[in-house]
Amino acid sequence: SRSIKTAGNYFDDDIKKYIRSEYNISIGKKTSEEVKKNIGSLVKYHNEISMPIYGRDIVSGLPKEAKISSGEIRNILLNSFSKITDLLIEVLENTPPELAGDVMKNGITICGGGALIKNIDKYFFDIFQL
């Protein structure tokens, strides 16, 4: 049994860091979580969208607006999810054959707030065919 400290707050922090570095805007936890929930996805989907974000310009200190796309958020989330995927591969490689059969038969259950990210099921299916 292994675990890693990668979850919803970690994804939110990655979004905050990206927006700060790419747009010079400081946003709060609530905004980064809204972005993740509204346009976050792990697999490209038909109607890619964008949304406005509002925060504080880190240079001038004044309020600032920018538009962020679902593609940008997907790249951030994929980078974060790679740690989860790597751990899952490692665990499955070390799983006894009897349990591996159960995983193939019953699938994997994804829980927590990250499980609500669009297309998370398709992402894992594409990797593991489970």
Side-chain angles (χ1 to χ4, degrees):
S1 169
R2 295 226 13 239
S3 67
I4 53 175
K5 297 202 183 283
T6 301
N9 292 338
Y10 185 86
F11 307 142
D12 295 344
D13 288 344
D14 284 350
I15 291 169
K16 284 171 56 175
K17 288 175 193 171
Y18 175 82
I19 290 171
R20 184 178 180 91
S21 69
E22 289 297 312
Y23 294 96
N24 289 330
I25 297 176
S26 178
I27 62 169
K29 178 181 169 104
K30 184 178 178 186
T31 300
S32 62
E33 187 175 10
E34 277 181 34
V35 168
K36 177 183 70 181
K37 287 180 178 178
N38 292 333
I39 64 172
S41 174
L42 293 174
V43 177
K44 188 173 183 173
Y45 55 96
H46 185 339
N47 295 326
E48 293 283 312
I49 56 175
S50 59
M51 72 177 279
I53 53 167
Y54 305 94
R56 182 177 40 84
D57 187 305
I58 59 174
V59 176
S60 69
L62 298 173
K64 186 174 178 182
E65 174 186 356
K67 201 169 213 174
I68 191 159
S69 73
S70 53
E72 290 174 283
I73 300 303
R74 183 175 43 260
N75 290 336
I76 297 165
L77 293 175
L78 285 172
N79 187 38
S80 300
F81 263 85
S82 68
K83 294 175 181 115
I84 295 171
T85 305
D86 292 345
L87 178 62
L88 189 52
I89 289 170
E90 182 182 325
V91 168
L92 290 173
E93 286 174 345
N94 295 313
T95 300
E98 300 82 18
L99 292 178
D102 288 343
V103 171
M104 288 298 296
K105 180 180 169 188
N106 299 320
I108 297 171
T109 301
I110 304 166
C111 59
L116 301 175
I117 294 173
K118 289 179 189 74
N119 295 324
I120 190 169
D121 55 341
K122 184 167 176 19
Y123 170 78
F124 282 115
F125 180 81
D126 290 348
I127 293 171
F128 300 106
Q129 279 74 47
L130 296 174

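By convention here, the first residue in the shown sequence is residue 1.
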Original post:
Of all residues at least two apart in sequence or in a different chain, which pass the side-chain hydrogen bond (donor to acceptor under 3.5 Å, both in side chains) check with Ser41?
Top reply: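 Ser41 satisfies side-chain hydrogen bond (donor to acceptor under 3.5 Å, both in side chains) with Asn119 only.
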
Original post:
Quick one: do Ile110 and Ile89 end up in the same hydrophobic cluster if we chain Ile, Leu, Val, Met, Phe, Trp and Tyr together by side-chain heavy atoms under 4.5 Å apart?
Top reply: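 Same cluster.
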
Original post:
Is there a path of hydrophobic side-chain contacts, each under 4.5 Å between heavy atoms of I, L, V, M, F, W or Y residues, that connects Tyr45 with Met51?
Top reply: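 Same hydrophobic cluster.
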
**OP:** Sort and list the pairs that fulfil salt bridge (charged side-chain N to carboxylate O under 4.0 Å, His left out) and have at least one residue in residues 65-74, not counting sequence neighbours.
**Re:**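 Pairs touching residues 65-74 that pass the test: Glu48-Arg74.
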
Give the minimum heavy-atom separation between [X] and [Y], together with the two atoms involved.
{"X": "Phe11", "Y": "Gly114", "answer": "CE1-CA, 4.4 Å"}
{"X": "Lys118", "Y": "Ile39", "answer": "NZ-N, 4.1 Å"}
{"X": "Ser80", "Y": "Tyr10", "answer": "OG-CE2, 3.9 Å"}
{"X": "Ala100", "Y": "Thr95", "answer": "N-CG2, 3.6 Å"}
{"X": "Ser69", "Y": "Ser50", "answer": "CA-CB, 3.8 Å"}

Is any side-chain heavy atom of [X] less than 4.5 Å from a side-chain heavy atom of [Y]?
{"X": "Ile76", "Y": "Ile73", "result": "yes"}
{"X": "Tyr54", "Y": "Ile25", "result": "no"}
{"X": "Asp13", "Y": "Lys16", "result": "yes"}
{"X": "Ile120", "Y": "Val43", "result": "no"}
{"X": "Ile58", "Y": "Arg20", "result": "yes"}
{"X": "Lys37", "Y": "Leu116", "result": "no"}
{"X": "Val103", "Y": "Phe128", "result": "no"}
{"X": "Tyr123", "Y": "Leu78", "result": "yes"}

**OP:** Go through the steps for Leu87 and Ile84 under the test side chain to side chain contact (heavy atoms under 4.5 Å, CB included), then give the verdict.
**Re:** CA-CA 5 Å; Leu87 178 62; Ile84 295 171; 5.9 Å; no

**OP:** I would like to know whether Ile68 and Ile15 meet side chain to side chain contact (heavy atoms under 4.5 Å, CB included); could you show each step before the answer?
**Re:** CA-CA 11 Å; Ile68 191 159; Ile15 291 169; 5.5 Å; no

Keeping the roles fixed (side chain from [X], backbone from [Y]), state whether a donor-acceptor pair exists under 3.5 Å.
{"X": "Ser70", "Y": "Ile49", "result": "yes"}
{"X": "Thr85", "Y": "Phe81", "result": "yes"}
{"X": "Asn38", "Y": "Glu34", "result": "yes"}

Original post:
Do Asn9 and Lys29 have a side chain donor and acceptor closer than 3.5 Å?
Top reply: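 Yes, a side-chain donor-acceptor pair sits under 3.5 Å.
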
**OP:** Give a yes or no on whether a salt bridge exists between Lys122 and Asp126, defined as a side-chain N under 4.0 angstrom from a carboxylate O.
**Re:**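 Result for this pair is yes, salt bridge flagged.
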
Original post:
Got a sec: does the NZ of Lys44 have more than 12 other heavy atoms crowding it under 6.0 Å?
Top reply: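 No - once you tally the heavy atoms of other residues, nucleotides and ligands closer than 6.0 Å, there are 12 at most.
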
Original post:
Roughly how far, to the nearest 0.5 Å, is NZ of Lys36 from CG of Asp14?
Top reply: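 Between Asp14 CG and Lys36 NZ, I get 10.5 Å after rounding to 0.5 Å.
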
